[in-house]
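The analysis underlying the following values was restricted to heavy atoms, covering all of them including side chains, and did not include hydrogens, waters or symmetry mates. It should be emphasised that the depicted structure is a prediction, and the values quoted were computed from it without experimental measurement.
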Amino acid sequence: LLKKIETPIYWDAIALSPDGKTIATGAREIDLRNAETGALVRKMQAGNDERPSVTLYGAPNADQWIAHAGRALQLWDGTTGQLSRTMLPDADYRIVAPGLDGKGRWLHATNDKNKLNLWDAVSGKYADTLMLPGFREDYIKLISPDGRFLLSQSDKPKNFRLWDLTSGKRLWSTPTPWEYVFSPNFSPDGRWLIASVHDYDKKEWALKIWDTSSGRLASTIPGERSVLPNDVTYSPNQKLAVAWDSGPMAGYDMATNRKL
C-alpha cells in the first residue's frame with residue numbers, strides 16, 4: 001500500500017483518470033487530487049439539492065470528468081473546474097452509463113425497453129440506437145473499456161447480464177443472489193468484472209470477481225461487515241483493486257486476492 005488519503009468529508013464516489021495521475025472523489029463537491037501525493041489540485045461543485053451524491057467517470061483523452069448527479073449527467077472540465085455541459089437532465093439515473101464504444105466515442109446510454117440509445121457525452125449529440133432483444137428494463141451498469149460489451153443488472157431475478165453491442169445478443173447471465181451488489185467495474189483489459197457484495201441475512205461481505213468471457217464467478221475476497229468498502233475499481237495496470245467507502249481507501253493485490 002503506497003498511500004492512504006483521508007479527507008474531512010465522506011465520499012459518494014471515486015474515479016481514477018486513465019493515465020493514473022489524478023484521483024477524483026465526489027460528494028456535493030468533486031475534489032481532484034494528485035494520485036502520487038494525495039494533494040488537492042482543484043474543487044468542482046457537482047451535487048444538487050435533489051440528489052447530492054454523484055458517480056464519477058474519467059474521460060479517456062482529456063482532463064474531463066462526467067459526474068452523474070441527480071437525474072442529470074454533467075461534463076466537467078478538470079483544468080478550469082467549470083461545468084461544460086449538462087446532458088439529459090430528465091434521464092433516469094438508474095439507466096445511464098458512460099463509456100467508449102468501438103469507434104472511440106465517449107458515450108452515455110439510455111434504454112427504452114429493448115432499445116439502447118447512445119449519446120456522445122462530449123458533444124451531447126445523439127450517436128446511435130441499438131436493438132437488444134430481451135433487454136426489457138434492465139439497469140445499465142457499464143460499457144466495457146473497449147466499447148464492445150454492455151453490462152446490465154436485473155432485479156427479478158437478480159442477475160448480471162453481458163450484451164454484445166455489435167450483434168445485440170445477450171452473451172451470458174449470472175446470478176447475483178446477495179442483498180446488495182455495489183458498483184461493478186471492468187478491469188482495464190475487460191477480462192474481469194469486480195464488485196462489492198453485502199448480505200446481512202447470509203452474513204457475507206466480500207469482493208467478487210467474475211470472468212467476463214463466461215460469466216463464471218472466478219474468486220471471492222472475504223471482507224468484514226464493519227470495514228468492507230461499497231465501491232471498488234481496478235488500478236490501470238490491473239495489479240491492484242482500490243476500494244473505498246466513508247474512510248481511507250484500501251488496496252487489494254490481484255495476484256494473491258489479499259488486502260494490502
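- Smallest separation of non-hydrogen atoms from W65 and G78: CD1-CA, 4.2 Å.
- Here the side chain of R42 pairs a donor or acceptor atom with the backbone of T79 at under 3.5 angstrom.
- Scored by the ring pair (Phe, Tyr, Trp, His ring centres under 6.0 Å) test, F135 finds W163 as partners (sequence neighbours excluded).
- When each of L217, T176, V232, I194 is tested with K208 by the rule side chain to side chain contact (heavy atoms under 4.5 Å, CB included), just one qualifies, namely L217.
- Taken to the nearest 0.5 Å, the CD1 atom of I209 stands 11.0 Å off from the CZ atom of R216.
- The main-chain N or O of A255 is never found under 3.5 Å from a side-chain atom of K239 such that the two would form a donor-acceptor pair.
- With rounding to the nearest 0.5 Å, the separation of CG in N185 from OG1 in T233 is 4.0 Å.
- The 12-atom threshold is not exceeded at NZ of K21, counting heavy atoms of other residues, nucleotides or ligands nearer than 6.0 Å.
- A donor-acceptor pair is defined here as one N or O able to donate and one able to accept, closer than 3.5 Å; no such pair exists between the side chain of Q238 and the backbone of S187.
- Between Y180 and F182, the angle of the ring planes stays under 30°, which puts this pair in the parallel group of the 30/60° scheme.
- Pairing each heavy atom of K43 with each of L40, the nearest pair is CE-CD2, 4.0 Å.
- Separation of atoms OG1 (T220) and CG (L207) is listed at 9.0 Å; rounding is to 0.5 Å.
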Original post:
Does the side-chain contact (heavy atoms from CB on, under 4.5 Å) test come out yes or no for F149 and T212, once each step is laid out?
Top reply: CA-CA 10 Å; F149 306 111; T212 58; over 6 Å; no

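- When all heavy atoms of N159 and P175 are compared, the pair lying nearest together is OD1-CA, 3.0 Å.
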**OP:** Dump the intermediate steps for side-chain contact (heavy atoms from CB on, under 4.5 Å) on I143 and L150, then the final yes or no.
**Re:** CA-CA 4 Å; I143 297 173; L150 179 138; 4.2 Å; yes

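- Separating the CZ atom in F186 from the NZ atom in K141 is a distance of 12.0 Å, to the nearest 0.5 Å.
- Note: L130 CG to K115 NZ = 12.0 Å, rounded to the nearest 0.5 Å.
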Subject >> Evaluation steps, side-chain contact (heavy atoms from CB on, under 4.5 Å), between F160 and W172 >> reply: CA-CA 8 Å; F160 279 150; W172 50 255; 4.2 Å; yes

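- Residues P184 and A195 approach most closely at CA-CB, 3.9 Å, considering heavy atoms.
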Original post:
Could you walk me through whether L193 and L162 pass the side-chain contact (heavy atoms from CB on, under 4.5 Å) check?
Top reply: CA-CA 11 Å; L193 179 71; L162 193 72; over 6 Å; no

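- Note that CG of L171 and CG of D164 are 5.0 Å apart. Values are rounded to the nearest 0.5 Å.
- Not one N or O on the side chain of R161 forms a donor-acceptor pair closer than 3.5 Å with the backbone of S173.
- Closest non-hydrogen pair, A241 versus M254, comes out as CB-CE, 3.6 Å.
- Residues passing the salt bridge (charged side-chain N to carboxylate O under 4.0 Å, His left out) test with R170, sequence neighbours excluded: none.
- With hydrogens and angles ignored, the 3.5 Å screen pairs no side-chain donor or acceptor of T22 with any backbone N or O of R33.
- Nearest heavy-atom pair, P188 versus Y234, reported as atom, atom and distance to 0.1 Å: CD-CB, 3.7 Å.
- Using modelled atom types and a 3.5 Å distance limit, the side chains of S154 and D138 yield no donor-acceptor pair.
- Between L165 and L116, some side-chain heavy-atom pair lies under the 4.5 Å cut-off.
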